[in-house]
Amino acid sequence: MSNNRIVWKNQQKLKSGYTTGSCAAAAAKAAAHMLFAGETVPQISLMTPAGILLYLDVEQIQKGTGWVSCAVRKDSGDDPDVTNGILVYAKAEFITQSGVTEADRDDEFRRRIEVPGGMLEISLTGGRGVGRVTCKGLKQNIGEPAINPVPRQMILDAVESQAKEAGVSGHIQVEISIPEGKALAAKTFNPRLGIEGGISVLGTSGIVEPMSEKALTETIYLEMKVLRENGRDWCYLVPGNYGSTFLRETLGYDGKLAVKCSNYIGETIDDAVELGMKGILLIGHVGKLIKLAAGVMNTHSRMADCRMEVLAAHSAMAGADSETVSRLMKCVTTTEALDILEEEQLLETVMETVMEKIEYYIRQRSGDNLKTEVIVFSDERGILGETKGARWLNEQINAEENR
């Protein structure tokens with residue numbers, strides 16, 4: 001049975017794939033089943049968060065006293081991905097004594113459940129080839145394995161289901177490893193994100209959808225075109241889920257007048273001009289939108305990464321000494337850089353001049369016929385800066401939604 005769904009993109013017949021997170025969860029499920037049941041399984045099923053059931057081959061099975069290890073091979077379908085074909089391993093092992101101290105216990109990487117036979121504890125760790133977080137600003141704490149929240153949940157759920165089915169209690173440790181991960185990491189953006197020693201275990205839906213750049217920009221255009229053709233003149237623009245979450249949780253908006261533009265901010269502004277929109281309010285995380293202050297309108301890291309250069313230049317304008325500028329240039333995440341600016345009491349001044357440059361370049365791109373405003377935020381600090389007309393435009397969009 002094929003796990004590759006056929007997807008039509010840009011009039012092309014493409015195959016979907018499945019994420020490293022799905023591979024890790026499937027391998028963990030298979031290892032746990034073999035450990036508890038004492039049998040060998042050549043294939044394992046996995047229900048993904050997208051609601052798609054996968055049947056994945058189990059490879060490289062090894063067994064020892066109290067442990068089982070196996071692997072599932074990554075298939076990216078027709079999506080270009082350096083991780084395609086790699087083996088993602090999971091080792092499930094009975095631990096007679098807890099190997100973690102109370103100080104090390106992190107609820108996100110372990111689970112304790114009361115079961116009929118006593119207490120079941122499942123702990124998750126990253127082995128060879130799984131990156132470790134070294135900087136603030138990511139979804140894990142410093143020192144933790146780069147296993148993202150949804151894959152963590154999938155892995156723990158998979159092992160828990162097998163333990164309950166087998167009536168197992170005690171402490172089960174699951175180690176995820178990707179032997180090729182360290183070599184592949186150099187071909188990803190992990191080093192720039194402060195993730196060292198390997199790749200990340202990723203995925204929110206469990207499924208890799210093939211999407212060419214052209215198909216994605218056409219999808220963005222179509223989404224805005226539908227709004228315009230239904231009589232809408234104003235809308236929000238968000239690069240992705242961070243912007244959507246901020247829009248909902250901070251600004252209290254959960255309506256339909258928000259277009260996801262991914263990294264294609266310039267192209268989406270062009271779309272809005274072409275379609276005759278009256279105004280768009282761009283809301284995004286500082287790690288992405290800071291690039292607009294340098295005139296970079298495609299914010300993908302492959303295109304440009306001027307985050308620290310922008311912050312360092314504006315800090316110098318604000319009176320920072322050479323040591324502070326040097327520290328900023330060595331930062332890996334904007335969270336780290338903002339901490340330095342706050343420490344030096346420069347954050348407010350720097351964000352004022354950054355927003356001025358963002359406004360300048362946005363106005364250049366949008367011209368006179370499109371009202372374009374910007375709000376920049378961070379998860380830790382909330383709104384960091386906004387262009388002069390952002391609040392007014394926000395009111396216009398809310399009025400549009402309610403009319």
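Note that the structure is a prediction, hence the values are computed from the model and not measured.
Nearest heavy atoms, Tyr361 versus Ala293: CE1-O, 3.4 Å. Looking at every heavy atom in both residues, Ala185 comes nearest to Pro191 through O-CD, 3.4 Å. The two residues Val115 and Ser169 make their nearest non-hydrogen contact at CG2-CB, 3.8 Å. Looking at every heavy atom in both residues, Ala318 comes nearest to Val350 through CB-CG2, 4.2 Å. Heavy-atom minimum distance, Val201 versus Pro151: O-CG, 3.6 Å. Residue Ala90 comes nearest to Ala27 through the heavy atom pair CB-C, 3.5 Å, listed as atom of the first residue, atom of the second, then distance.
Salt-bridge formation is not detected for the pair Lys278/Glu400: no Lys NZ or Arg NE/NH1/NH2 atom is positioned less than 4.0 Å from an Asp or Glu carboxylate oxygen. A salt bridge links Arg327 with Glu343; the closest basic N to acidic carboxylate O contact falls under 4.0 Å.
Scanning for salt bridge (charged side-chain N to carboxylate O under 4.0 Å, His left out) contacts around Lys371 gives Glu373, with sequence neighbours left out. Residues forming a side-chain hydrogen bond (donor to acceptor under 3.5 Å, both in side chains) with Tyr221 (at least two apart in sequence, or on another chain): Glu274. Checked against side chain to side chain contact (heavy atoms under 4.5 Å, CB included), Val41 has the following partners two or more places apart in sequence or in another chain: Ala30, His33, Met34, Glu39. Every residue two or more places apart in sequence or in another chain that forms a side chain to side chain contact (heavy atoms under 4.5 Å, CB included) with Lys260 is listed here: Val238, Asn241, Ser244.
Put simply, the side chain of Gln173 does not reach to within 4.5 Å of the side chain of Trp67, judged on heavy atoms. Within the 4.5 Å cutoff, the side chain of Ile199 has no heavy atoms near those of the Val130 side chain. Lys91 places none of its side-chain heavy atoms less than 4.5 Å from the side chain of Ser177. Counting only heavy atoms from C-beta outward, the side chains of Pro239 and His285 never approach each other to under 4.5 Å. Looking only at side-chain heavy atoms (C-beta outward), Ser301 and Lys291 come within less than 4.5 Å of each other. In this structure the side chain of Leu53 reaches within 4.5 angstrom of the side chain of Ser45, judged on heavy atoms.
Heavy-atom neighbours of Lys63 NZ from other residues, nucleotides or ligands within 6.0 Å: above the threshold of 12. Within 6.0 Å of atom CZ in Arg381, more than 12 heavy atoms from other residues, nucleotides or ligands are found, so the atom counts as buried in its surroundings. Summarising the local packing, CD of Glu352 is surrounded by more than 12 heavy atoms from other residues, nucleotides or ligands at distances under 6.0 Å. The number of heavy-atom neighbours closer than 6.0 Å to CE of Met119, taken from other residues, nucleotides and ligands shown, is above 12. Applying the 6.0 Å contact sphere to CZ of Arg228 captures more than 12 heavy atoms from other residues, nucleotides or ligands.
When only modelled atom types and interatomic distance are considered, Glu356 and Tyr360 share no side-chain donor-acceptor pair under 3.5 Å. Side-chain atoms of Asn148 and Ser200 include no donor-acceptor pair closer than 3.5 Å.
Of the possible polar contacts, none joining the Thr125 side chain to the Glu175 backbone as a donor-acceptor pair under 3.5 Å is found. Checking side-chain atoms of Arg152 against main-chain N and O of Leu124 turns up no donor-acceptor pair under 3.5 Å. Judged purely by atom type and a 3.5 angstrom limit, Thr20 uses its side chain to pair as donor or acceptor with the backbone of Leu202. Side-chain atoms of Arg132 do not come within 3.5 Å of backbone N or O of Glu196 as any donor-acceptor pair. At distances below 3.5 Å, not a single donor-acceptor pair connects side-chain atoms of Asn394 with backbone N or O atoms of Ala390. Although no hydrogens or angles enter the test, the distance criterion places no donor-acceptor pair under 3.5 Å between the side chain of Ser262 and the main chain of Tyr264. A side-chain donor-acceptor contact under 3.5 Å links Ser22 to the backbone of Gly206. Between the Thr48 side chain and the Ile52 main chain, a donor and an acceptor come within less than 3.5 Å of each other.
Residue pairs that meet the side-chain hydrogen bond (donor to acceptor under 3.5 Å, both in side chains) test with at least one member in residues 313-323, sequence neighbours left out, are His314-Thr353, Asp321-Thr324. Applying the ring-ring contact (aromatic ring centres under 6.0 Å, His included) test to every pair with at least one member in residues 117-137, sequence neighbours left out, gives no pairs at all.
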Report the C-alpha distance between Met303 and Met297 in whole Å, list the side-chain angles of each, state the deciding distance to 0.1 Å, and finish with yes or no for side chain to side chain contact (heavy atoms under 4.5 Å, CB included). CA-CA 9 Å; Met303 304 300 292; Met297 293 288 160; over 6 Å; no
Please lay out, stage by stage, how Lys288 and Asn263 fare under the test side-chain hydrogen bond (donor to acceptor under 3.5 Å, both in side chains). CA-CA 8 Å; Lys288 191 172 288 290; Asn263 295 296; 2.5 Å; yes
Can you list the steps and then say if Leu35 with Gln162 is a side chain to side chain contact (heavy atoms under 4.5 Å, CB included)? CA-CA 10 Å; Leu35 178 64; Gln162 296 306 297; over 6 Å; no
Verdict with supporting geometry, Phe94 and His171, ring-ring contact (aromatic ring centres under 6.0 Å, His included): CA-CA 6 Å; Phe94 283 112; His171 181 193; 9.9 Å; no
Go through it in stages, so that I can follow the logic: the residues are Lys29 and Asp157, the test is salt bridge (charged side-chain N to carboxylate O under 4.0 Å, His left out), and I'd like the CA-CA distance, side-chain angles, deciding distance and then a yes or no. CA-CA 9 Å; Lys29 182 179 179 181; Asp157 285 349; over 6 Å; no
Given Leu292 and Leu282, is the side chain to side chain contact (heavy atoms under 4.5 Å, CB included) satisfied, shown in steps? CA-CA 11 Å; Leu292 298 178; Leu282 173 62; 3.6 Å; yes
For Leu338 and Glu380, what are the C-alpha separation, side-chain angles and deciding distance, and is it a side chain to side chain contact (heavy atoms under 4.5 Å, CB included)? CA-CA 10 Å; Leu338 295 178; Glu380 298 81 10; 5.9 Å; no
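Note that the CG atom of Leu346 and the CG atom of Leu341 stand 6.0 Å from one another [nearest 0.5 Å]. The distance from the CD1 atom of Ile280 to the CG atom of Leu257 is 13.0 Å, given to the nearest 0.5 Å.
The aromatic rings of Trp234 and Trp392 stand perpendicular to each other, their planes meeting at an angle above 60°, with 30° marking the opposite boundary.
Each of Leu328, Ile290, Leu289 was compared with Arg307 under the side chain to side chain contact (heavy atoms under 4.5 Å, CB included) criterion, and only Ile290 meets it.
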